[in-house]
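These numbers come from a predicted model, not from an experiment. Both counts, for ligands and for their atoms, begin at 1 and track the order of listing.
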Amino acid sequence: MSKGIVLYIEDNEQNFYLVNVLLKTKDYRVLWAHDGREGIDKALQSRPDLILLDIQLPIMDGYEVARRLRSNPELSKVPIIAVTSYAMSGDREKALSAGCNGYIEKPIDPDTFLAQIDKYSSGIDPAGNEK
Ligand code: MN
């Protein structure tokens with residue numbers, strides 16, 4: 001049984017495959033969007049329980065994606081976690097002010113990644129419903 005749907009908006013295949021493998025060990029269903037526009041479309045179609053969002057994306061950057069997700073009443077409550085190596089000073093604050101709930105740094109650390117995800121998805125029960 002799926003623990004919940006995670007939508008990962010990411011243009012890098014290797015990052016997606018790593019996250020997909022890690023999340024599947026915890027029974028999440030993982031969907032992939034390759035750019036921000038596809039990400040917004042898939043978020044509306046699939047109503048994910050959690051969105052992982054790369055910041056450096058083609059077409060529009062992750063900040064713009066977060067703002068657009070947040071401005072949509074149907075998606076305004078879904079937790080968004082920025083996932084980025086672009087950890088310049090102020091980047092975390094920019095992600096949070098664009099509407100993200102949290103921030104995970106790349107390169108993704110397989111030993112700590114799932115604990116970080118659990119922290120943000122603790123509002124999801126095993127059936128994928130909000131607690
Ligand atoms: Mn990228």
Side-chain angles (χ1 to χ4, degrees):
M1 181 185 289
S2 176
K3 195 171 176 180
I5 297 173
V6 175
L7 173 64
Y8 188 13
I9 307 172
E10 168 66 78
D11 60 328
N12 181 290
E13 203 173 24
Q14 289 184 348
N15 287 329
F16 175 78
Y17 285 133
L18 173 59
V19 164
N20 187 37
V21 164
L22 292 171
L23 288 175
K24 280 192 167 169
T25 67
K26 293 288 182 180
D27 296 325
Y28 289 100
R29 256 187 73 203
V30 188
L31 305 176
W32 186 11
H34 305 72
D35 62 60
R37 189 168 297 152
E38 189 187 347
I40 292 164
D41 288 346
K42 284 200 171 168
L44 284 166
Q45 287 161 16
S46 62
R47 303 308 168 93
D49 298 288
L50 183 74
I51 295 175
L52 297 175
L53 177 61
D54 181 28
I55 295 298
Q56 290 181 291
L57 286 167
I59 301 179
M60 65 181 101
D61 68 22
Y63 304 120
E64 180 63 22
V65 177
R67 281 190 288 270
R68 291 191 189 196
L69 292 170
R70 281 294 174 251
S71 68
N72 188 318
E74 296 178 57
L75 298 169
S76 61
K77 298 256 166 60
V78 57
I80 305 172
I81 306 175
V83 184
T84 180
S85 54
Y86 196 61
M88 308 291 284
S89 68
D91 195 50
R92 189 174 192 282
E93 288 68 25
K94 265 174 89 176
L96 297 179
S97 71
C100 296
N101 302 85
Y103 187 96
I104 293 177
E105 266 184 39
K106 287 178 188 166
I108 289 155
D109 180 350
D111 294 329
T112 61
F113 180 76
L114 288 172
Q116 291 176 286
I117 293 298
D118 281 345
K119 196 174 80 182
Y120 293 111
S121 63
S122 55
I124 304 168
D125 73 17
N129 300 309
E130 242 179 70
K131 278 178 191 164

- [ ] Tell me whether Asp11 has at least one N, O or S atom under 2.8 Å from the Mn ion (ligand 1).
- [x]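 A backbone or side-chain N, O or S atom of Asp11 is under 2.8 Å from the Mn ion (ligand 1).
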The Mn ion (ligand 1) and Asn12: any N/O/S contact shorter than 2.8 Å?
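False for Asn12.
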Tell me if a side-chain donor or acceptor on [X] pairs with a main-chain N or O of [Y] at a distance below 3.5 Å.
{"X": "Arg29", "Y": "Gly4", "value": "no"}
{"X": "Lys42", "Y": "Trp32", "value": "yes"}
{"X": "Asp49", "Y": "Ile5", "value": "yes"}

Exercise. Please check if Tyr120 and Leu96 belong to a single hydrophobic cluster, counting links between Ile, Leu, Val, Met, Phe, Trp and Tyr side chain heavy atoms closer than 4.5 Å.
Key: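 Per the 4.5 Å side-chain linkage, Tyr120 and Leu96 are not co-clustered.
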(Q) Can you tell me which N/O/S atom of Asp54 has the shortest distance to the Mn ion (ligand 1)? (A)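 Result for Asp54 and the Mn ion (ligand 1): OD2.
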